[in-house]
Amino acid sequence: MTKSELIEQLSKKQPHLALQDVELAVKCILEQMSQSLATNERIEVRGFGSFSLHHRKPRMGRNPKTGDAVSLTEKYVPHFKPGKELRDRVDETRHKYKITD
Amino acid sequence: MAVTKADFAERLFDELGLNKREAKEMVELFFEEIKLALETGEQVKISGFGKFELRDKSSRPGRNPKTGEEIPISARRVVTFRTGQKLKTRVEAYAGTE
């Protein structure tokens with residue numbers, strides 16, 4: 001499923017809203033999520049999961065092509081922890097559905 | 001304080017002029033739709049944000065970290081999140097100052 005397919009599905013379920021409004025709403029939610037993470041604010045959605053930042057220490061890395069050592073600075077990376085409901089629902093149906101894009 | 005569904009709904013009300021009920025419903029449906037896709041084996045790719053992927057894990061031996069007792073971990077399907085390039089770049093710019 002892609003973002004535009006998600007917007008289409010949501011539009012079908014909310015026929016009282018114009019497709020463009022659903023599109024704006026989806027973009028608004030995603031922008032707020034990105035913004036929150038970019039300022040290290042946790043996101044918690046019950047039943048879905050939580051997003052937070054994890055710290056990565058500075059380390060020595062290597063250029064995989066040349067083998068040269070490069071020093072990498074510390075950084076933050078987003079982390080998603082699926083909520084219990086999502087974990088259970090995905091696992092319960094695993095025999096019924098193949099993984100697809 | 002963590003950002004929650006109520007905060008997303010609040011912004012839809014403030015910025016898009018959805019009424020409170022519509023805003024709340026939109027947020028509920030947004031997360032439910034992603035769950036539905038994943039539940040039916042469909043991975044969800046949201047450009048600019050990231051991809052919710054599915055992985056089938058085979059069973060493996062595990063341990064209770066408290067007691068050290070061995071307990072097998074059953075085969076399962078799990079959700080993982082791969083951050084998109086745009087979000088990665090935005091987050092990396094965060095220098096660790098509150």
Side-chain angles (χ1 to χ4, degrees), chain A residues 1-6 9-10 13-14 16-17 21-22 24-53 55 74-82 85-87 89-101, chain B residues 1-5 7-9 11-12 15-18 22-23 25-27 29-56 74-84 86-88 90-98:
Chain A
M1 177 181 258
T2 62
K3 183 159 59 181
S4 44
E5 287 165 351
L6 174 62
Q9 286 302 316
L10 288 171
K13 293 187 179 172
Q14 296 162 103
H16 54 290
L17 296 178
D21 288 336
V22 176
L24 285 174
V26 166
K27 289 186 173 160
C28 183
I29 296 171
L30 290 169
E31 174 55 26
Q32 193 175 359
M33 291 174 81
S34 299
Q35 232 172 50
S36 307
L37 288 171
T39 53
N40 198 11
E41 258 187 298
R42 259 178 87 78
I43 302 167
E44 280 177 16
V45 180
R46 177 160 300 241
F48 184 78
S50 61
F51 295 87
S52 59
L53 295 192
H55 182 247
E74 63 161 351
K75 64 174 183 179
Y76 287 86
V77 294
H79 176 76
F80 173 66
K81 183 171 187 284
E85 186 202 330
L86 176 58
R87 267 185 284 145
R89 281 173 63 176
V90 160
D91 190 51
E92 275 160 20
T93 55
R94 72 193 162 100
H95 295 298
K96 225 166 133 188
Y97 301 98
K98 276 203 187 114
I99 296 174
T100 59
D101 270 313
Chain B
M1 261 290 278
V3 176
T4 63
K5 284 194 281 198
D7 298 304
F8 295 122
R11 198 177 284 197
L12 292 178
E15 289 189 7
L16 299 185
L18 298 190
E22 288 169 338
E25 194 187 11
M26 175 70 78
V27 174
L29 287 173
F30 173 83
F31 290 105
E32 177 57 26
E33 204 54 45
I34 297 175
K35 282 191 275 191
L36 273 173
L38 293 169
E39 186 177 30
T40 52
E42 235 190 299
Q43 310 190 93
V44 178
K45 188 179 177 184
I46 299 175
S47 71
F49 186 73
K51 185 173 176 189
F52 295 95
E53 298 182 328
L54 294 167
R55 228 170 263 178
D56 284 322
S74 56
R76 62 191 65 192
R77 178 171 288 180
V78 297
V79 179
T80 60
F81 178 71
R82 261 177 70 184
T83 311
K86 200 171 147 201
L87 178 58
K88 219 183 254 183
R90 277 177 81 171
V91 165
E92 271 177 31
Y94 173 72
T97 43
E98 288 305 310

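This is a predicted model, so every value here is computed, not measured. In the text below, chain A, chain B and the rest are named by the order of the sequence lines, each starting its count at 1.
Contact record, B:E32 with A:R89: OE2-NH2, 2.9 Å, taken as the closest heavy-atom pair. Considering every non-hydrogen atom in both B:V3 and A:S36, the closest pair reads CG2-OG, 3.6 Å. Taking all atoms of both residues into account, the shortest heavy-atom contact from B:I46 to A:L6 is CD1-CD2, 4.3 Å. When all heavy atoms of B:K35 and A:L86 are compared, the closest pair comes out as CG-CD1, 3.7 Å. Across all non-hydrogen atoms, the minimal contact from B:A37 to A:M1 is CB-SD, 3.9 Å. When all heavy atoms of B:E25 and A:Q14 are compared, the pair lying nearest together is C-OE1, 4.3 Å.
Summarising the geometry, atom CD1 belonging to A:I29 is positioned 5.0 Å from atom CG belonging to B:L12; distances are rounded to the nearest 0.5 Å. Distance NZ/A:K13 to CG/B:L29: 7.0 Å, rounded to 0.5 Å. Within the model, atoms CG of B:L87 and CZ of A:F51 stand 9.0 Å from one another, a figure rounded to the nearest 0.5 Å.
Interface remark: of the candidates B:I34, B:T80, B:V78, B:V27, B:I34 forms the most heavy-atom pairs closer than 4.5 Å to chain A. Residue with the most contacts toward chain B among A:V77, A:L30, A:T2, A:L37: A:L30 (heavy-atom pairs, distance under 4.5 Å). Between chain A and the options B:K86, B:E39, B:K45, the largest number of non-hydrogen pairs under 4.5 Å is found for B:E39. Among A:K75, A:R87, A:M33, the residue with the largest count of heavy-atom pairs under 4.5 Å with chain B is A:M33. In terms of heavy-atom pairs under 4.5 Å with chain B, the best-connected choice from A:A25, A:P82, A:S52 is A:A25. Taking B:R77, B:R76, B:R90, B:M26 one by one and counting their heavy-atom pairs under 4.5 Å with chain A, the maximum is reached by B:R77. Contact count versus chain B (heavy atoms, under 4.5 Å) is highest, among A:E85, A:H79, A:E92, A:K96, for A:E85.
Using a 4.5 Å cut-off between heavy atoms, B:L38 touches chain A through backbone and side chain atoms alike. Both the backbone and the side chain of B:A75 come within less than 4.5 Å of a heavy atom in chain A. Contact of A:Q35 with chain B is made through backbone and side chain together, with heavy-atom distances under 4.5 Å. Both the backbone and the side chain of B:E42 come within less than 4.5 Å of a heavy atom in chain A. Interface residue B:T83: only side-chain heavy atoms are found under 4.5 Å from chain A. Residue A:I43 touches chain B through both its backbone and its side chain, counting heavy-atom pairs closer than 4.5 Å. Both the backbone and the side chain of A:Q32 come within less than 4.5 Å of a heavy atom of chain B. Looking at B:L18, the atoms closer than 4.5 Å to chain A (heavy atoms on both sides) all sit in the side chain, from C-beta outward. At a 4.5 Å heavy-atom cutoff, A:H55 makes no contact with chain B through either its backbone or its side chain. Proximity to chain B involves both the backbone and the side chain of A:P78, based on heavy atoms less than 4.5 angstrom apart.
A salt bridge is defined here as a Lys NZ or Arg NE, NH1 or NH2 lying under 4.0 Å from an Asp or Glu carboxylate O, and A:K98 with B:D56 fails to meet this definition. B:R11 has no carboxylate O lying under 4.0 Å from a charged side-chain N of A:E31, or vice versa, which leaves the two without a salt bridge.
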When you look at B:F30 and A:F48, which way does the ring pair (Phe, Tyr, Trp, His ring centres under 6.0 Å) test go after all the steps? CA-CA 11 Å; B:F30 173 83; A:F48 184 78; 7.8 Å; no
With side chain to side chain contact (heavy atoms under 4.5 Å, CB included) as the test, would you mind laying out the steps for A:V90 and B:L54 before giving the verdict? CA-CA 9 Å; A:V90 160; B:L54 294 167; 3.7 Å; yes
Apply side chain to side chain contact (heavy atoms under 4.5 Å, CB included) to A:H16 and B:E22, showing your working. CA-CA 10 Å; A:H16 54 290; B:E22 288 169 338; 3.7 Å; yes
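Atom CZ of A:R46 is surrounded by 12 or fewer heavy atoms from other residues, nucleotides or ligands within 6.0 Å.
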